[in-house]
Amino acid sequence: SEPGQGTRVELLLPTADSVNEATETAASGGASAGHALILVVEDEPGVRKVAVRFIQSLGYDALEARDATQALELLRADPRIQLLFSDVVLGSGQTGFELLREARLLRPGLSALLTSGYERAVVSADEAVQSGVGLLRKPYSLEQLGEALAQALESGTV
């Protein structure tokens with residue numbers, strides 16, 4: 001560091017050994033890892049990027065959408081999508097529950113998993129149960145995501 005010049009920080013982190021365990025957990029579900037295409041819907045680009053990387057590290061394929069409109073376009077265009085993984089609070093003013101209702105009009109029986117970091121998501125948990133979908137609280141670990149995805153794919157819905 002030098003006054004007026006700023007500071008450069010570089011972090012080198014090892015990969016976690018638990019990725020292999022989470023991959024095995026996901027692969028033991030009804031849809032084997034690498035054979036399921038998951039649509040990730042998240043309005044925050046950084047959070048979306050992490051979710052996609054987690055999903056790919058678990059052995060699944062992932063498509064990403066920044067909002068409900070783009071997600072519905074992808075669902076219309078790609079019949080290979082097996083699961084919708086969406087944030088509950090989408091920046092477009094639409095919720096993950098509303099997106100799921102519209103998605104299931106296009107694709108009845110579409111598997112889904114919703115996620116939220118907001119405390120009011122506890123209230124949304126009742127709506128999730130009524131919708132037949134799981135609600136994964138943020139922040140979640142790779143292992144928690146792997147288990148939830150495997151369960152959602154195995155049962156058709158969580």
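Note that the structure is a prediction, hence the values are computed from the model and not measured.
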Check whether R104 reaches the backbone of L110 with its side chain - one donor and one acceptor, N or O, closer than 3.5 Å.
yes

Short side-chain to backbone donor-acceptor contact, E102 and L99, under 3.5 Å:
no

Under a 4.5 Å side-chain heavy-atom rule over Ile, Leu, Val, Met, Phe, Trp and Tyr, are L74 and L106 clustered together?
yes

Indicate the atoms forming the closest heavy-atom contact of V40 with A51, along with that distance.
CG1-CB, 4.0 Å

Taking 4.0 angstrom as the limit, do K138 and E42 come out as a salt bridge?
yes

Hey, quick one: are V88 and V47 part of the same hydrophobic cluster, counting side-chain heavy atoms closer than 4.5 Å, chains of contacts allowed?
no

Would you give the length of the straight line joining atom OH of Y140 to atom CG of L113, rounded to the nearest 0.5 angstrom?
8.5 Å

Calculate, to the nearest 0.5 Å, the distance between atoms CD1 and CG belonging to I81 and L39 respectively.
4.5 Å

D67 side chain near L90 side chain, heavy-atom distance below 4.5 Å:
no

For a side-chain contact (heavy atoms from CB on, under 4.5 Å) check, start with the C-alpha distance between I55 and L149, then their side-chain angles and the critical distance, and finish with the verdict.
CA-CA 9 Å; I55 287 168; L149 291 174; 3.8 Å; yes

With distance as the sole test, does D61 use its side chain to make a donor-acceptor pair with the main-chain N or O of L37 at under 3.5 Å?
no

d(L84 CG, L75 CG) to nearest 0.5 Å is 6.5 Å

Any donor-acceptor pair under 3.5 Å linking the side chain of E147 with the backbone of Q144?
no

Look up atom CZ in R137 and atom CG in L114, then write down how far apart they are to the nearest 0.5 Å.
13.0 Å

At their closest point, which heavy atom of Q82 faces which heavy atom of A36, and how far apart are they?
OE1-CA, 2.9 Å

Smallest heavy-atom separation, S116 atom then D87 atom, equals CA-OD1, 3.8 Å

Hey, could you give me the CZ/OG distance between F85 and S111, rounded to the nearest 0.5 Å?
13.5 Å

Does anything in residues 68-78 form a side chain to side chain donor-acceptor pair (under 3.5 Å)? List the pairs, not counting sequence neighbours.
R66-Q70, D78-R80

Considering the options L142, L145, V52, which one meets the side chain to side chain contact (heavy atoms under 4.5 Å, CB included) requirement together with S57?
L142

Grab the two heavy atoms, one from S86 and one from G96, that are nearest each other, plus how far apart they are.
OG-CA, 3.9 Å

Here the gap from Y60 atom OH to L153 atom CG, rounded to the nearest 0.5 Å, amounts to 5.5 Å

